[in-house]
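Worksheet: one structure, shown below.
Remember, it's a predicted structure, so these values are computed and weren't measured experimentally. Keep in mind that the numbers below use all heavy atoms, side chains included, and drop hydrogens, waters and symmetry copies. First the proteins, then the strands, lettered A, B, ... as listed; each starts at 1.
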Number of protein chains: 2
Amino acid sequence: MTVTETTDTRTTDTCAGPPQGNRRPDGEDTYTISEVAALTGLTAHTLRWYERIGLMPHIDRSHTGQRRYSNRDLDWLALVGKLRLTGMPVADMVRYAELVRAGDHTYTERFELLKETREDVLARIAELQGTLAVLDRKISFYADAGRALASERTR
Amino acid sequence: MTVTETTDTRTTDTCAGPPQGNRRPDGEDTYTISEVAALTGLTAHTLRWYERIGLMPHIDRSHTGQRRYSNRDLDWLALVGKLRLTGMPVADMVRYAELVRAGDHTYTERFELLKETREDVLARIAELQGTLAVLDRKISFYADAGRALASERTR
DNA sequence: TGCTTGCCTGGAGTGCACTCCAGCGTTCTA
DNA sequence: TAGAACGCTGGAGTGCACTCCAGGCAAGCA
């Protein structure tokens with residue numbers, strides 16, 4: 001593969017921000033489900049469920065069949081967490097995961113999907129800023145009203 | 001009650017932004033449920049449900065028992081819409097509605113609630129901006145990868 | 001050796017925010 | 001005056017994103 005970066009096709013998309021501590025170095029990066037739960041804030045239930053619905057790649061297993069997560073899996077979960085914050089439905093994230101699994105030929109599709117998501121996020125931010133303006137108006141109204149009531153009550 | 005302003009205790013909080021068109025002037029402001037549905041984008045089902053759970057004040061009725069919404073009700077719905085955008089749970093909005101109905105002595109409590117909500121909104125915006133940064137990184141990565149793939153074919 | 005802890009599975013259950021339904025009454029238009 | 005369109009109610013149903021459960025295996029330790 002040629003696309004530079006220290007990644008592979010499966011998760012060519014791991015750049016979800018700061019290291020978020022407690023990671024083990026690559027090579028000895030195996031985490032149990034409860035460790036990942038602690039690291040991500042998700043429950044073990046949710047992690048298994050994500051896998052079941054195809055939002056996670058198939059996770060490595062120990063010789064006894066227990067899940068062993070890698071740093072790459074954590075990266076993916078970090079991305080999923082970010083996308084979840086945008087309100088993206090799980091089904092759409094699954095779609096994205098499928099594209100990633102499908103390989104290089106889905107690059108442009110992924111690219112489009114990311115750009116759409118970006119637009120959605122911008123729109124959400126704008127909405128929230130509108131709401132903030134309303135809240136600020138109300139808050140200053142209540143501040144004034146509070147003062148009015150206070151001075152009145154000093155009868 | 002003493003707080004000035006051209007409002008009453010029930011909805012002392014109507015300042016949800018621009019007039020949002022199609023309003024009838026105060027005094028002849030009676031809308032049927034389907035008009036309100038069209039104006040707000042909510043369904044008639046949802047409007048009845050909002051009333052049932054206490055998120056709306058009791059709506060005026062025609063002599064035959066049909067709902068007749070007022071401009072004040074539209075204002076309230078506009079606020080609810082804004083709060084909904086922030087992800088505030090309906091139960092919390094109901095709580096706020098109860099405070100509004102309860103009268104002047106809940107001013108400070110409402111004030112606090114609004115300030116908390118404001119903080120939540122700021123936090124949401126910050127989260128979204130973090131997500132935006134991640135998306136931008138990925139998008140530019142995909143843009144580069146796309147170029148690389150175009151010039152050379154990978155495995 | 002037994003006990004506790006952690007993890008496994010498929011499937012059922014939960015909570016939220018609607019959304020729809022049946023069966024009926026009222027209003028509007030032709 | 002008929003028929004469509006609109007509205008009413010209580011209660012049931014839906015879709016999403018988890019969340020829990022029962023029953024069982026495997027590893028560590030006392």
Please state how far atom NE2 in B:His45 lies from atom P in D:dC8, giving the value in whole angstrom units.
11 Å
Derivation and outcome, salt bridge (Lys or Arg N to Asp or Glu O under 4.0 Å), residues B:Arg23 and B:Asp29:
CA-CA 8 Å; B:Arg23 286 248 182 147; B:Asp29 53 331; over 6 Å; no
Respond yes when some side-chain nitrogen or oxygen of B:Ser62 is under 4.0 Å from OP1 or OP2 of C:dT26, and no when none is.
no
Distances under 3.5 Å only, N/O to N/O: pair up the protein atoms with those of nucleotides 11-17 of chain D.
residue: D:dG11; atom: O6; partner: B:Arg52; partner atom: NH2; Å: 3.4
residue: D:dA17; atom: OP1; partner: A:Val90; partner atom: N; Å: 3.2

Salt bridge (Lys or Arg N to Asp or Glu O under 4.0 Å) assessment of A:Glu51 paired with A:Arg61:
CA-CA 13 Å; A:Glu51 195 180 336; A:Arg61 298 296 180 117; 3.5 Å; yes
Can you find a side chain N or O atom of B:His63 that sits less than 4.0 Å from OP1 or OP2 on C:dT27?
yes
What integer distance in Å separates B:Arg61:CZ from D:dC8:C1'?
8 Å
Out of C:dT27, C:dC8, D:dC6, minimum distance to the side chain of B:Ser34 belongs to D:dC6
Nearest 0.5 angstrom please: A:Glu116 CD to A:Met88 CE, how far?
9.0 Å
What integer distance in Å separates B:Ile53:CD1 from D:dG10:P?
15 Å
Can you tell if the side chain of A:Tyr96 reaches within under 4.5 Å of the side chain of A:Leu114, non-hydrogen atoms only?
yes
Are OP1 or OP2 of C:dT27 and a side-chain N or O of B:Thr64 less than 4.0 angstrom apart?
yes
Rounded to the Å, how far apart are B:Ile33 CD1 and D:dC6 C1'?
11 Å
Considering just the side-chain nitrogens and oxygens of B:Arg68, establish if one lies under 4.0 Å of OP1 or OP2 belonging to D:dC6.
no
Do A:Arg67 and A:Asp60 sit within salt-bridge range, that is, some charged N less than 4.0 Å from a carboxylate O?
no
Out of D:dT9, C:dT9, C:dC7, which nucleotide sits closest to the side chain of A:Gln66?
C:dC7
Which nucleotide, C:dT26, D:dT19, C:dC7, lies nearest any side-chain atom of A:Arg48?
C:dC7
Cation-pi check for A:Tyr31 against A:Arg68: NZ or CZ below 6.0 Å from the six-membered ring centre and within 45 degrees of the axis, yes or no?
no
Does the pair B:Arg84 and A:Glu127 meet the rule for a salt bridge (Lys or Arg N to Asp or Glu O under 4.0 Å), with working shown?
CA-CA 11 Å; B:Arg84 216 170 38 126; A:Glu127 280 175 356; over 6 Å; no
How close or far is atom P of D:dC8 from atom CZ of B:Arg67, stated in whole angstroms?
4 Å
